[in-house]
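Single-structure report; data block below.
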2 protein chains.
Amino acid sequence: MRNAKRARPHFRLDESLLTGLPPFSKLDSRQIREILDQASARRYDEGSAVFEEGRSAERFFMLLDGYIRVVRISPSGEQVIVMHIPGGQLFGIAKALGHTTYPATAVTAAESLALSWPTRLWDTFVAQYEGFSTETYKTVGTRLGEMNNRIMEMATQQVEQRIANAILRLVNQTGRKVEGGIEIDFPITRQDLSEMTGSTLHTVSRTLSGWEKHGLISSGRKRITVCDPHRLVLLSGATG
Amino acid sequence: MRNAKRARPHFRLDESLLTGLPPFSKLDSRQIREILDQASARRYDEGSAVFEEGRSAERFFMLLDGYIRVVRISPSGEQVIVMHIPGGQLFGIAKALGHTTYPATAVTAAESLALSWPTRLWDTFVAQYEGFSTETYKTVGTRLGEMNNRIMEMATQQVEQRIANAILRLVNQTGRKVEGGIEIDFPITRQDLSEMTGSTLHTVSRTLSGWEKHGLISSGRKRITVCDPHRLVLLSGATG
DNA sequence: GCCCTACTTTGCGCTGGGACAACCAAAATA
DNA sequence: TATTTTGGTTGTCCCAGCGCAAAGTAGGGC
């Protein structure tokens, strides 16, 4: 999202925005133009809600730049981070999965830029644009697999391993090379990590402190840099 | 599956098998005939594997009768039950989600009957049969939602609540009315429940014993009857 | 520069529930 | 019927990690 910041204000709805993104990769210039013409673009500040759980799913979205955090609130009021969505992916596609309302809330984890279309266009997109449907469902499949892995982790692993996994996942999705390691490219708090792992900010803080002492990571306020990915992988409980 | 038992041996691949099942509900007699002609049917004993995690996804399946348990093994060798699939649903549809191998193992939780088709027919089905794709993805959406709920539970709830939720889910999917309550309609062990909730068979046993003392459930070897669904719902932590 | 708020760290006590172990009971098998 | 196997119960111990509390620190806003 650092780039988007520079690109604004008044960026153009340019074809190059969509060209190459999986759901649109098989389309020609004219088709992409068509799709863009029907889109509305919007910038979101860090921490703002794009849509909320339970609301009628009026639109679906393509995240061009930034980072989306999908969250749900438990009956007892605790927030759980269900997943993170990196730039270049569709989200809020309730329609594709037979829902009429959003099943979770989408909040930006960083300043973000997204296109959106009215949900009624979904069927048109599926019918008219080659590869759109297939690629979309690949994404859905990937997300399903990730959630599956989360369930496995929660069922079998200790908190320390789950934190390691959460961090590694973020680093893989969004790691930015920096002197001394790879940094997670958006602000992330101990609280956030606890909401991703089903733990508490206290335990997360203790764990990270421990890792920092041993040189595995280096961290600061809302910032985590992985210095020794290899040892973190070992900790995460992966076999091999 | 009790009915299947009676229906065999030598049941016929009759149109009525598929008529009315969501993915085929919009098709006419001829189309269903077409689909059936390409299917192979097979009966599975309780506890047998239909397909295994990691194997090439050669076929996709429709469970006609019985119950499928989707399981994965963690790196440390523990088994986790990811979900249960009731009769009337497609499963093993890796292709639909962009996978070429099965992402988990499917084991029958009871004697079962399933049709299957070669994966290469998937695209044909999607292209030729109205509603097939839409209905399939509705199912996928539902499953995604359920996994989402599992994650929420694991992140925020105590073991007792998770066990209550697991049992309620099974009862809703497959509850059979019986004198004194509603019974889960296939054999289920304490171990199974622990693999569904990320707990241990010891804790599950203790919990069920407690509930039985208070008249919430009545249970036996591989059998659970819910006597007081309402109080179980309260325990499960649902709000309202 | 200063304050104030939002993060973070750390100590301490407590407990849910996992690990281990022993025993019991019902099915399956012979 | 005897034997073995598989599933269930229960007791004891113990520790990972949560809850609570208190204090430290870095940014953002003015």
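Small disclaimer: the values here were computed from a predicted structure and weren't measured. Chain identifiers are assigned alphabetically (A, B, ...) following the order of the sequence lines, protein sequences preceding nucleic acid strands; residue numbering begins at 1 within each chain.
For the OP1/OP2 pair of C:dT8 and a distance below 4.0 Å, the side-chain nitrogens and oxygens of A:Ser209 include no atom meeting the criterion. In this structure, A:Thr189 does not reach the C:dC7 phosphate: none of its side-chain N or O atoms is under 4.0 Å from OP1 or OP2. Between B:Ser205 and D:dT9 there is a side-chain polar atom (N or O) within less than 4.0 angstrom of OP1 or OP2. Side-chain nitrogen and oxygen atoms of A:Thr203 include none within less than 4.0 Å of the OP1 or OP2 phosphate oxygen of D:dA16. Regarding contacts with the backbone of D:dT9, a side-chain N or O of B:Arg190 is found under 4.0 angstrom from either OP1 or OP2. When the side-chain nitrogen and oxygen atoms of B:Ser219 are compared with OP1 and OP2 of D:dG8, none of them lie within a distance under 4.0 Å.
Atoms CD1 (A:Ile163) and P (D:dC18) sit 8 Å apart, rounded to a whole Å. The CG-P distance, from B:Leu208 to D:dT10, rounds to 11 Å in whole Å. In this entry the distance linking CH2 of B:Trp211 with P of D:dT9 reads 13 Å, nearest Å. Following rounding to the nearest Å, B:Leu201 (CG) and C:dC23 (C1') show an atom-to-atom distance of 14 Å. In this structure, B:Leu193 places its CG atom 15 Å from C1' of D:dT9, rounding to the nearest Å. Remark: C1' of D:dT6 and NZ of B:Lys222 are 8 Å apart, rounded to the nearest angstrom. If you take CG of A:Asp192 and P of C:dA6, they are 15 Å apart, rounded to a whole angstrom. Here the P atom of nucleotide C:dG17 and the CD atom of A:Gln157 are 19 Å apart, to the nearest Å.
The aromatic rings of A:Phe61 and A:Phe91 lie parallel to each other, with less than 30° between the two planes, well short of the 60° mark. Under the 30°/60° scheme for interplanar angles, the aromatic rings of A:Phe51 and A:Tyr102 are found to lie parallel.
The distance from the CE atom of A:Met147 to the CE atom of B:Met147 is 5.0 Å, given to the nearest 0.5 Å.
Considering only heavy atoms from C-beta on, B:Gln89 stays 4.5 Å or farther from B:Thr142 through its side chain. No side-chain heavy atom of A:Thr139 sits under 4.5 Å from any side-chain heavy atom of A:Leu90.
Side-chain atoms of B:Arg223 and base atoms of D:dG7 include no donor and acceptor less than 3.5 Å apart. Between the base of C:dG11 and the side chain of A:Arg206 there is a donor-acceptor pair shorter than 3.5 Å.
A donor-acceptor pair shorter than 3.5 Å can be found between the side chains of B:Arg190 and B:Ser219. For the residue pair B:Asn165 / B:Arg150, no side-chain donor-acceptor distance below 3.5 Å is found, with atom types taken as modelled. Remark: the B:Arg223 side chain and the B:Thr225 side chain contain an N/O donor-acceptor pair separated by less than 3.5 Å.
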Which nucleotides of nucleotides 22-30 of chain D have their base under 4.0 Å from a protein heavy atom (B), which only their sugar-phosphate (S), and which neither (-), written as one string 5' to 3'?
----BS---
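Using a 4.0 Å heavy-atom criterion, one finds that A:Gln158 contacts the sugar-phosphate atoms exclusively.
Each end of the helix from C:dG1-D:dC30 to C:dA30-D:dT1 gets its own axis, taken as the rotation carrying the C1' atoms of four end pairs onto the next four within a five-pair window, and the two axes meet at 50° to the nearest 10 degrees.
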Please step through salt bridge (Lys or Arg N to Asp or Glu O under 4.0 Å) for the pair A:Glu153 and A:Arg169, ending with a clear verdict.
CA-CA 13 Å; A:Glu153 284 173 22; A:Arg169 225 176 283 131; 2.5 Å; yes
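Counting only distance, with no hydrogens or angles, the side chain of A:Ser205 and the backbone of A:His202 share no donor-acceptor pair below 3.5 Å.
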